Amino acid sequence: MSLEQELFEQRLARIPEIEKLGLKPYGHRFEFSHTLSRILDEYSARTAEELSERVNVKVCGRIQTIRRMGKAGFLHLQQSTARLQVYIKKDAVPEADFALYQLLDLGDIIGVEGYLFRTRTGELSVHAERLYFLSKNLLGVPEKYHGLEDVELRYRQRYLDLFANPEVQKVFETRARIIGSFRRQLEARDFLEVETPMMQPLYGGAAARPFVTHHNTLDIDLYLRIAPELYLKRLIVGGLERVYEINRNFRNEGVSTRHNPEFTMLEFYQAYTDYKGLMDLSCELLKQVAIDATGSAVVNYQGVALDFGNIRRLSIREAVVEFWKGPEKPTLEQVKDPEWLRSHSSKGTPGEQLMDIFERHGEDQLVQPAIIYEFPVEVSPLARQSDDDPSMTDRFEIYAAGMEIGNAYTELNDPREQRRRFEMQLAMRERGDAEAHQMDEDFLRALSYAMPPTGGEGIGIDRMTMLLTDSTSIRDVILFPLLRPEGPIGIGEWLGK
RNA sequence: GGGCCGGUAGCUCAGCGGUAGAGCAUCUGACUUUUAAUCAGAGGGUCGCGGGUUCGACCCCCGCCCGGCUCACCA
């Protein structure tokens, strides 16, 4: 028998012991008077004398540590990220409660009723007068000093990660604040939150390979969406002039520290503005999100201070010139010259060549938050062409810490040009580009009813969360990142005995 | 998918071609203000899986599984 199973059975055997004390090992309501964090907030500053006026509390949580010393002892209760010490003395609690105390295991969930005091060493604690048993832990818990460090276990058993490493909870609290901040800011600007299909008969709105699924009754294949864009623009046609959606996209592509197959995007569309208007809006949104998430517009990321209150704007071509790696720094004129582009990239068209060069020479050096604008038309099938250069579009991306975190453009609303772009994409698909855009005739029909001039933008919530929580892997900001299945676990058999 | 690194007790980690180790956790005992509690004792391992080399493999070789980093693709 493995040690783990031995431990499991030892603990299972405590259940009848607990029942002998007249207690239920699982499941009933517990009316607490304070959360642990409220006690810490309100009483951490109180001295022992100030606590001599009795403060009654009834609290609950998971047992994080136990120190037994014969006829008395201590334990730490943990609730969310807060922890509070409890002192149990044989004379101060009913006999059955002290018997219960002697049966407790690390990880059990209990309630404690008593009063606050400070121990001889000065730690704020609850002097227990009653104990309540709330739920039994049957498994060994990670070591108290190091916590759970095995990355695989942390992702597979996130529940364990969350209570063994309470700072992980903070990451997800920050993530929720980030989403809340975007919502509040957009609502304040009269944007309407909407939900559009995640299962789509045609996929579009981005360059990516999709997941395919099947509806049995209709007997049709459906795609998990790669972006909500085409549906959100249909809503603009319909007169919902400011809409946004925060939800999952699914892309059937590689997994890395920056990519999870499902990830969360904010997309918003505003009629009667353009990409320049969105640049201003983006700067306002990002600055406030940083403040709401971290308390400051200047955020520490991997030892670098990223300033979301001061976002630079430069064109792709300017970025290539500025961040050129190598001796022969090009001029702006050269970067516009097709000859020069061809001699520095093996890609097919000038636009693709420029993007290729930018990705090699600019992207990873955009550490401070920056807006990079003017993207080639070939890589922007849904964006409006620039008036002064039809090979470029009115589009920008937002970069920080070398990562793309946002993408925005003046929406293409000319249905004839949109049709031409779809044809272009189909030709690319013919040439073997599996990520090229599909033709969407219903979308063309919607545009044919006239879509107002519109600016649209997408912001990657996971990547924003990485930046604002100082996380280097997207898996650290997704509660349950995709992993291969782990195989048989075997606990069902133990529980069945 | 390629390259590099890793998988040893429940957790965190040593180890090494010659009898599998430590700390925490667990169990027994002592202890009525401890705090990485302390003290005395005990139990606990398919060394990721499968082959091979060898008198002998946790260790060397091959294949596979799982994970991390990285490159490619992408956001």
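What you are looking at is a predicted structure, and each value in this text was computed from that prediction instead of being measured. In what follows, chains carry the letters A, B, and so on, assigned in the order in which the sequence lines appear, proteins first and then strands, with residues in each chain numbered from 1.
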(message) Check the orientation of A:Y115 and A:H127. Use parallel for under 30°, tilted for 30 to 60°, and perpendicular for over 60°.
(response) parallel

(request) Give the rounded distance in Å between these two atoms: OH of A:Y159 and P of B:C11. (result) 12 Å

(message) Measuring to OP1 and OP2 of B:C66, would you say a side-chain N or O of A:R484 lies under 4.0 angstrom away?
(response) yes

(request) Could you pick out which residue, A:R156 or A:D150, lies toward the 5' side of RNA chain B when each is mapped onto its nearest nucleotide? (result) A:D150

Could you write out each protein N or O paired with an N or O of nucleotides 3-10 of chain B at a distance under 3.5 Å?
none

(request) Give one of base, sugar-phosphate or nothing for A:R209, where a contact means two heavy atoms less than 4.0 Å apart. (result) nothing

(message) Please check this pair: side chain of A:E352 against backbone of A:E378, looking for a donor-acceptor N/O pair closer than 3.5 Å.
(response) no

(message) Distance check needed: B:C73 C1' versus A:E404 CD, whole Å only.
(response) 13 Å

(message) Going by salt bridge (Lys or Arg N to Asp or Glu O under 4.0 Å), name the pairs with one or both residues in residues 257-267 of chain A, residues two or more places apart or in two chains.
(response) A:R248-A:E262

(request) Ignoring backbone atoms, establish whether A:T257 has a side-chain N or O less than 4.0 Å from OP1 or OP2 of B:U70. (result) yes

(request) Pick the P atom in B:A57 and in B:G52, then give their distance to the nearest Å. (result) 12 Å

(request) Write down the distance separating the C1' atoms in B:A37 and B:C31, rounded off to the nearest Å. (result) 11 Å

(request) Sticking with atom P, work out how far B:G6 lies from B:G17, rounded to a whole angstrom. (result) 16 Å

(request) Using the C1' atom on both, measure B:U8 against B:G23 and round to a whole Å. (result) 15 Å

(request) Find which nucleotide of RNA chain B each of A:E149 and A:Y155 is nearest to by heavy atoms, and output the residue with the more 5' nucleotide. (result) A:E149

(request) Mind checking which stems touch RNA chain B? I mean at least 3 consecutive Watson-Crick or G-U pairs, both distances under 3.5 Å. (result) B:1-7 with B:65-71, B:10-13 with B:21-24, B:26-30 with B:38-42, B:48-52 with B:60-64

(request) Have a look at A:R475 and say if it touches a base, only the backbone sugar-phosphate, or nothing, with a 4.0 Å heavy-atom cut-off. (result) sugar-phosphate

(message) Counting only side-chain heavy atoms from C-beta out, which of B:G68, B:U26, B:A36 sits nearest to A:Y145?
(response) B:A36

(message) What's the gap between B:U26 and B:G15 when it is taken at their P atoms, as a whole Å value?
(response) 27 Å

(message) Contact list please: residues 52-75 of chain A against RNA chain B, heavy atoms, distance less than 4.0 Å, in numerical order.
(response) A:R67, A:R68, A:M69, A:G70, A:K71, A:A72, A:F74

(request) Only pairs at least two apart or in different chains count here, so list each salt bridge (Lys or Arg N to Asp or Glu O under 4.0 Å) that has a residue in residues 396-412 of chain A. (result) A:K233-A:E411, A:R395-A:E397

(message) If the condition is side-chain contact (heavy atoms from CB on, under 4.5 Å), which residues does A:A319 pass it with, not counting sequence neighbours?
(response) A:L314, A:F323, A:F358, A:I372

(message) Taking salt bridge (Lys or Arg N to Asp or Glu O under 4.0 Å) as the cut-off, I'd like each qualifying pair that reaches into residues 360-376 of chain A, sequence neighbours left out, listed once.
(response) A:K325-A:D364, A:D356-A:R360

(message) Base, sugar-phosphate or nothing for A:N260? Non-hydrogen atoms, less than 4.0 Å.
(response) base

(message) Considering every strand and a 4.0 Å limit on heavy-atom distances, what is the contact class for A:L483: base, sugar-phosphate, or nothing?
(response) sugar-phosphate

(request) Please determine, for the side chain of A:L106, which listed nucleotide (B:U34, B:A25, B:A75) has the closest atom? (result) B:A25

(message) As a test of reading the structure: which of B:U26, B:A75, B:U34 is closest to the side chain of A:R14, going by heavy atoms?
(response) B:U26

(message) Between P on B:C71 and CD on A:E359, what's the gap in Å once rounded to a whole number?
(response) 14 Å

(message) Distance check needed: B:A75 P versus A:E457 CD, whole Å only.
(response) 15 Å

(request) Please work out if A:G147 contacts a base, only the sugar-phosphate, or nothing of the nucleic acid, heavy-atom cut-off 4.0 Å. (result) sugar-phosphate

(message) Need one value for A:E123: base, sugar-phosphate or nothing, where a base atom within 4.0 Å counts as base even if backbone is also close, heavy atoms only.
(response) base

(request) Return the set of residues passing side-chain contact (heavy atoms from CB on, under 4.5 Å) with A:R83 (not counting sequence neighbours), or none when no residue passes. (result) A:Q64, A:T65, A:H76

(message) With a 4.0 Å limit, can you tell me whether A:K144 has a side-chain N or O closer than that to the phosphate oxygens OP1/OP2 of B:U26?
(response) no

(request) Mind calculating the distance between CD (A:Q102) and P (B:U28) to the nearest angstrom? (result) 11 Å

(request) Identify, with sequence neighbours excluded, every residue that meets side-chain contact (heavy atoms from CB on, under 4.5 Å) alongside A:D470. (result) A:N300, A:Y301, A:Q302

(message) Just the rounded figure in Å: distance from C1' of B:A75 to CD1 of A:I478.
(response) 11 Å

Please output the side-chain donor-acceptor pairs of residues 471-486 of chain A that fall under 3.5 Å, not counting sequence neighbours, one pair per line with the distance.
{"residue": "A:S471", "atom": "OG", "partner": "A:T469", "partner atom": "OG1", "Å": "2.8"}
{"residue": "A:S473", "atom": "OG", "partner": "A:R475", "partner atom": "N", "Å": "3.1"}
{"residue": "A:D476", "atom": "OD1", "partner": "A:Y155", "partner atom": "OH", "Å": "2.9"}

(request) Determine the Euclidean distance between corresponding P atoms of B:C64 and B:G1; express it in Å to zero decimal places. (result) 11 Å

(message) Tell me whether the side-chain N or O atoms of A:Q85 pair up with the base of B:U34 as donor and acceptor below 3.5 Å, since no angle test is needed here.
(response) yes

(message) Looking at A:H437, is its backbone amide N or carbonyl O close enough to the side chain of A:Q425 to form a donor-acceptor pair, meaning the two atoms are under 3.5 Å apart?
(response) yes

(request) Round to the nearest Å and state the distance from A:R258 atom CZ to B:C71 atom C1'. (result) 13 Å

(request) Using a 4.0 Å heavy-atom cut-off across all strands, classify A:Q10 as base, sugar-phosphate, or nothing. (result) sugar-phosphate

(message) For A:S346, give me all partners under side-chain contact (heavy atoms from CB on, under 4.5 Å), at least two apart in sequence or on another chain.
(response) none

(message) Donor-acceptor check, side chain of A:S125 to backbone of A:E123, threshold 3.5 angstrom: yes or no?
(response) yes

(request) With P as the reference atom in both, quote the distance from B:U70 to B:G48 in angstrom, rounded to an integer. (result) 25 Å

(message) Considering every strand and a 4.0 Å limit on heavy-atom distances, what is the contact class for A:A206: base, sugar-phosphate, or nothing?
(response) nothing

(request) Among residues two or more places apart or on two chains, list those pairs meeting salt bridge (Lys or Arg N to Asp or Glu O under 4.0 Å) that have a residue in residues 52-69 of chain A. (result) A:R54-A:E129

(message) Looking at A:T196 and A:L232, would you say the former's side chain and the latter's main chain have a donor-acceptor pair under 3.5 Å?
(response) no

(message) Side chains of A:E143 and A:H146: any donor to acceptor distance under 3.5 Å?
(response) yes

(request) Return the value, rounded to whole Å, for the distance between atom CG of A:L482 and atom P of B:G67. (result) 9 Å

(request) For B:G7 and B:C47, measure between their P atoms and round to the nearest Å. (result) 14 Å

